[in-house]
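Read the numbers this way: they start at 1 and go in the same order the structure lists the ligands and their atoms.
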Amino acid sequence: MPENICINCKKYLEKIRKYIDLKENEVDTLTKPRRTLMFSFPVPMDDGETKIFTGYRVQFNDARGPTKGGIRFHPDADLEEIRTLAFLMALKCAVVNIPFGGAKGGVIVDPKKLSKNELEHLSRAYIREIFKFIGPDRDIPAPDVNTTPQIMAWMMDEYEKIKQANAPGVITGKPIELRGSKLRDIATSLGGAFILREFMKAKKLKPEETTIAIQGIGNAGGNVAKILSEWGYKIVAISDSKNGIYNEKGLDIKKVLSYKKEKGNLIGIDEKEVSNKELLELDVGVLIPAALGDQITKDNADDIKAKIILELANGPTTPEADTILDKNNVEVIPDILANAGGVVVSYFEWVQNSMNYYWEEDEVKEKLEKIMINATKEFEVNCASYKCNMRDALHILAINKILAAEKLRGIH
Ligand code: GLU
């Protein structure tokens, strides 16, 4: 039997072991998820047939609170990826000081190939598989790649039906009409934009002089393009999974977003075409990977020309690529800080659900900004004292917090 262990997490830990000592049981705590669920489950299709899907939910660490993290629907979802992402969620929640541990879930499926009806059946069936292990005080799922507020609504409804109870706090990222939080839809992007703004301020770099390339035009990529262009940054390139567009004078983001909304892709738009690979290698001020993981690898890291990378996606840079980027003096603002705005507003949603009292947009925005800025200040101290890059500094900060909580609970 293979061990319940996360291989990538070991790689991350190796990088920080030169700065902090970790005992064997601490390494085990940080590489072996507390619970790994893997299941096959039937879903009725529109043609009357039943299809069997594979699903996962990994609850990595709950020392700091109930586990928290999204569910992705993707044809390439796999257990090692989900484990790594669950580990990163535990770190992310520690970095922004919200009282959660880390989890992640997924289903191997291409949701674009399902009808709305089939998608609903799949979402509800997934919850029936994991309902015993989740709950507002145990594990709280949320949206991730290809999962939407509508899917969260079906999932919450299924859970409430099984439990015969009102339990909105079981899941976050719900629609506003169903006890979601204001701004949750753009929270990942807004949080990332706050982080970039602070970073650029410290470097005395002006928005209008900063060119940006964004890989991805989904929830994270599309919204960050909108926010940053409204703040005066020059977005010169953006892409979806099929292709990208480039205009060195700056794209009209409003036009691009409405084209994408109307046509479903960027094909035929009146701008120069670039491939996703070319987009990553453009000579821009800031590169924002906002799509899938493993985009910057040892094969293309040397070709990256941007000097700043804001990781809005989860795990877009492999540990091997990180070493190369470091050598080339590329500053990477890591995922667990850059995209933490999503889970921060998820936390706000969960708090509002438990109070049954809902905040206005301004209040959510102000609270998010405060948390993101405080997190930046906290880890900068680590960067200075360990003289390491931002990823290592954030990982040290988060891991120390998780281990402190474990110690207080009795793991010595
Ligand atoms: N899927 C998002 C993330 O990776 C949000 C998770 C959440 O809100 O729980 O951070």
Peer 1: Lys277: which residues meet the side-chain hydrogen bond (donor to acceptor under 3.5 Å, both in side chains) condition with it, sequence neighbours left out?
Peer 2: Glu281

Peer 1: Of Asp62, Asp139, Val343, which meets side-chain contact (heavy atoms from CB on, under 4.5 Å) against Lys68?
Peer 2: Val343

Peer 1: So with a 6.0 Å cut-off around NZ of Lys365, is the heavy-atom count from everything else above 12?
Peer 2: no

Peer 1: Is the closest basic N to carboxylate O distance between Glu118 and Lys51 below 4.0 Å?
Peer 2: no

Peer 1: In plain terms, say whether Glu26 and Lys407 are close enough for a salt bridge, that is, a side-chain N and a carboxylate O under 4.0 Å apart.
Peer 2: yes

Peer 1: Measure the acute angle between the ring planes of Trp231 and Phe194, then classify it against the limits of 30° and 60° as parallel, tilted or perpendicular.
Peer 2: tilted

Peer 1: At a 4.0 angstrom heavy-atom cut-off, what protein residues surround ligand 1?
Peer 2: Lys68, Gly69, Gly70, Met89, Lys92, Lys104, Ala142, Pro143, Asp144, Arg184, Asn314, Gly342, Val343, Ser346

